[in-house]
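What follows is a single structure, written as structure tokens, with notes after it.
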Amino acid sequence: MDTGIADVVSSTSKKGFFFVATNGKRLFRVSPAGDMEVVPCSESADILSFTTCEFQNSLSTCEYLLLQCGGGVLKVLDWETGKEGTISDECTSFDAASKFLVYSTRSNVIHTVSLKRQEHERSILSLEDILMNSGPQSKTIPGRPIDRGSKIVKALSDQMRVVLQAPRGNLECFIPRPMAVSQLQNKIRDQDYRGAFKLCREQRLDGDLIVSQDFDAKKFVNEVGHPTKLSIFVTQLSAVALEKVGETLLSALERDTVKFIHTVVTTLMSFEPPRVGEALRAISQNAEGGREEAMMDYLLILSKNQEEVYSAALATYDLRLASLVVAHSQLDPKAYREELESLQALPELKRKFEIATRVGKFDEALEFLRVFETSDVVIKFACDHELYASAVRLVAGDSDSLIVVKEAYALSCMEKGLYAEAAGLYQSTGEFIKAAEAYLESGDYLLSMSSARLELSGEQLDSFLREIATKLESDGNPRDAAYVLSECLSEREAAVEVLCSAGEWRRAFDISTRHKELGLVEGLVIPQMVLSHESRMTELSELNIKLTERSRRLQVLRDLKSRRREKADDESSDVFPESDAGSMVSDFTFGSHTSQATDLSSPSLTIGSTSAKREKYAARKRAKAQKKRKRIVQGHPQEEEYLVEYLRNSVIMEHSVADIVDLIMAFVFVQRMNEAGKLQRSLIEVLNTCGSFPEDVLEGKDHVHQRSWVLDMLMIEEKTPP
């Protein structure tokens, strides 16, 4: 057939079709009937050689053409859709075998690319997935170095092997690691564990691959069979894999422990932490004749701590086994033999008690001790080793001993900070005052008062309740403290004073009006409100001045930068002379000497914060600023950064104005509209100043956007009602 194009470069056939590549950079497909069509590919492809690979599943059939073009370019082409992609730019040879593409490069490396999904044998990879599995973005196993100039002769599909030919003529046959892993997965799926284990050893594959799928430990042990090979397999498993299959593997081995004692010991010592005691018992019960000493040597080799092996041997209460450990280890034979002889001389129960105490099995030691010692000794031992639950069970029939154990248990709980548990124990023994103190430490002041009332009365009870109120106030719970003072002690004035100190004006009004003590409002609440009003007005005024000043300075700096960029297009200098500053203040610091006004922007001071806590916070902040202060004067290169940071940290947050709003509402309640109006206007001025900041300052800040709580300005008149 005349195609008008001469010089065939390469050709191959597939399912009756004949593919022809010409030096005219064209690729043709010829059907069995003689019909010819051009396979779509890059017109510039200088095709040197190509092959086809076909995959078929129950849903679709996909055929790829692999093209080696001039310049070392290796392409993959789906000739049905016309899609193509470049796999490598330095290919020297290639071939396709089964579900893998192998190609060598000028860097003397051979790469293997999967053409099917490893986990699903019949699932075809798309063209995009093939490209993702190759090249620099590939996350698969890296390439294998080969001799310089070697080229691929053939990739054998049936044996999963690749044949290379070196420049000097010799041939090399090997299995690339991805092919080996695929072959291993096939064997595991067919449960050919003998072949899988052999392949793992030959190709140095990870043993975890064998147990990663449905692992039949019994069949694996039967097929591998040899104890040494099984031990090698166990040592190659990771801690995660051993944790997953260790128990099932031990169950399979224990069907013939005498034969597999070597593997059993290896498995037990491979756990984290090693199960030394079980390994020693396995040796003692299953090692025959002279094998016991040999297995003891093997166990000590596996162990990282011979003292631990000795202690585990003692824990079996078998002194012969402990003596065997001493004989085969590097431990001092004189010291340890003397200990074993002294233990051997004791009666059996006392010997077991001493051994259990030495190895830290105090529960078992307590069981031995109660057989031959008095209850006082047993209780003391239990309390010394914090075996309170066991001690309570042992002395359940002796009420006096039970109280002693519970009190010791409660004291231990108090020392550990388990106050609720301690309170319950004290309550059960009738120690109501101690229970009340424990309840209070746990934060349950209601149960604390209830427990105290069971034993105290009169002045003693009142004194204890005052202690509760004082602790609640110091812990930042003014509402609960006021409840105790008002409802339990009937000390309304003290309760109102606590609430006023915390800015809890609503609750102060509630107590005063509910108990018909309106004199507290005029004599205590309003004077405290006036003092707080003066403090808040000063804070807001100072804050507004500082924010306005620094906001204007920031705008001046940015205007200057903008004008200078327009003139010289120079962004290298951020320094501005003092003459450009106008009448702005010249000194700025990262830790500026601020007043209480800065506290309004602190997110740590929320509703219910007392003025004392605010003062303490401000003092800590000033001390910290004084300690690590970096002076930023006007014209400093970092002045703009400082101003942005200062303004961002000073934006008044929504939760920080809640106590000011409460104070405004309190003045409205007592019809002091003059104070309410002044405070509201000052707050709105600060909020408006914050709202005028540049967008980069406000970015990410939850400043107040809506002021639904702001009162109607017409309602607040600047006059005080008669």
Side-chain angles (χ1 to χ4, degrees), residues 276-278 280-281 307-308 310-323 335-336 338-442 444 447-448 450-456 460 464:
V276 183
E278 295 180 47
L280 286 168
R281 280 190 288 272
E307 172 64 33
E308 181 184 3
Y310 173 73
S311 297
L314 277 181
T316 64
Y317 304 109
D318 187 348
L319 297 183
R320 184 193 65 82
L321 192 60
S323 178
Y336 286 92
E338 288 178 356
E339 181 183 24
L340 291 174
E341 290 173 358
S342 64
L343 290 173
Q344 185 66 46
L346 296 174
E348 181 181 1
L349 286 176
K350 194 164 186 179
R351 178 171 66 247
K352 289 184 176 180
F353 166 75
E354 293 294 339
I355 291 175
T357 304
R358 186 196 186 286
V359 300
K361 292 185 174 182
F362 299 116
D363 280 325
E364 293 184 16
L366 184 65
E367 294 292 336
F368 296 133
L369 184 64
R370 64 189 293 261
V371 177
F372 61 88
E373 281 292 359
T374 63
S375 61
D376 293 341
V377 176
V378 173
I379 292 173
K380 185 178 184 306
F381 180 85
C383 294
D384 289 343
H385 295 88
E386 299 186 352
L387 303 174
Y388 301 109
S390 300
V392 168
R393 177 173 50 82
L394 293 175
V395 300
D398 187 348
S399 59
D400 294 336
S401 299
L402 186 61
I403 290 175
V404 173
V405 173
K406 285 186 175 181
E407 288 181 349
Y409 193 6
L411 182 60
S412 175
C413 289
M414 290 291 289
E415 293 173 350
K416 296 177 180 178
L418 303 174
Y419 300 116
E421 291 82 349
L425 289 167
Y426 281 130
Q427 194 78 11
S428 67
T429 61
E431 295 282 349
F432 299 120
I433 298 301
K434 292 182 178 179
E437 294 173 349
Y439 278 128
L440 184 57
E441 290 294 332
S442 70
D444 194 337
L447 282 180
S448 178
S450 301
S451 184
R453 291 191 188 103
L454 295 175
E455 186 168 331
L456 300 177
Q460 288 182 330
F464 186 78

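These values consider heavy atoms only, across backbone and side chains, with no hydrogens, waters or symmetry-generated copies. Position 1 is the first residue of the sequence; numbering continues from there.
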Item to check | Least distance between heavy atoms, Ala313 atom then Leu280 atom | outcome: N-CD1, 3.4 Å
Checklist entry - Got a sec, which residues hit side-chain hydrogen bond (donor to acceptor under 3.5 Å, both in side chains) with Glu278, two or more places apart in sequence or on another chain? => result Arg275
Checklist entry - Tell me, which pairs form a side chain to side chain donor-acceptor pair (under 3.5 Å) where one or both residues lie in residues 386-395, sequence neighbours left out? => result Asp363-Ser390, Glu367-Arg393, Glu386-Lys416
Item to check | Taking every non-hydrogen atom, the tightest pair across Glu407 and Tyr426 | outcome: O-OH, 4.4 Å
Checklist entry - Does the pair Tyr439 and Gln427 meet the rule for a side-chain contact (heavy atoms from CB on, under 4.5 Å), with working shown? => result CA-CA 10 Å; Tyr439 278 128; Gln427 194 78 11; 3.8 Å; yes
Checklist entry - Considering residues at least two apart in sequence or located in another chain, which fulfil the side chain to side chain contact (heavy atoms under 4.5 Å, CB included) criterion with Lys406? => result Leu402, Leu425, Ser428, Thr429
Next on the checklist: For a 4.5 angstrom cut-off between non-hydrogen side-chain atoms, does Leu369 reach Leu349?
Outcome noted: no
Checklist outcome for this item: Contacts of Glu348 meeting salt bridge (charged side-chain N to carboxylate O under 4.0 Å, His left out) (sequence neighbours excluded), chain-then-number -> Lys352
Next on the checklist: Checking Lys380 now: which residues fulfil salt bridge (charged side-chain N to carboxylate O under 4.0 Å, His left out) with it, not counting sequence neighbours?
Outcome noted: Asp384
Item to check | Heavy-atom closest pair, residues Ala422 and Ala410 | outcome: CB-O, 3.5 Å
Checklist outcome for this item: Smallest heavy-atom separation, Leu343 atom then Arg351 atom, equals O-CD, 2.8 Å
Checklist entry - Should Leu340 and Leu314 be marked as a side-chain contact (heavy atoms from CB on, under 4.5 Å) after you check the CA-CA gap, both sets of side-chain angles, and the distance that decides it? => result CA-CA 9 Å; Leu340 291 174; Leu314 277 181; 3.9 Å; yes
Next on the checklist: How long is the straight-line distance from CD of Glu455 back to CD of Glu431, given to the nearest 0.5 Å?
Outcome noted: 7.5 Å
Checklist entry - Which atom pair, heavy atoms only, marks the closest approach of Val377 to Glu373? => result CG2-OE1, 3.9 Å
Checklist entry - Would you say Lys350 has more than 12 foreign heavy atoms packed within less than 6.0 Å of its NZ? => result no
Item to check | Tyr419: partners by side chain to side chain contact (heavy atoms under 4.5 Å, CB included), with sequence neighbours left out | outcome: Met414, Glu441, Ser442
Checklist entry - Who passes side-chain hydrogen bond (donor to acceptor under 3.5 Å, both in side chains) against Asp398, sequence neighbours left out? => result Ser401
Checklist entry - Given the rule in the side-chain contact (heavy atoms from CB on, under 4.5 Å) test, do Ser450 and Leu454 qualify, once you have shown the distances and angles that lead to the verdict? => result CA-CA 7 Å; Ser450 301; Leu454 295 175; over 6 Å; no
Checklist entry - How would you list, by chain and number, every residue that makes a side chain to side chain contact (heavy atoms under 4.5 Å, CB included) with Glu307, sequence neighbours excluded? => result Asn305, Tyr310, Ser311, Leu331, Tyr336, Arg358
Checklist entry - If every non-hydrogen atom of Ile355 is compared with every non-hydrogen atom of Ala315, which pair is closest and at what distance? => result CG2-N, 4.3 Å
Item to check | Residues that Ser448 engages under side-chain hydrogen bond (donor to acceptor under 3.5 Å, both in side chains), provided they are two or more places apart | outcome: none
Item to check | Thr357: side chain to side chain contact (heavy atoms under 4.5 Å, CB included) partners, not counting sequence neighbours | outcome: Phe353, Phe362, Ala365, Phe381
Item to check | For Tyr317, all residues meeting ring-ring contact (aromatic ring centres under 6.0 Å, His included), sequence neighbours excluded | outcome: Phe368
Checklist entry - What residues form a salt bridge (charged side-chain N to carboxylate O under 4.0 Å, His left out) with Asp376, not counting sequence neighbours? => result none
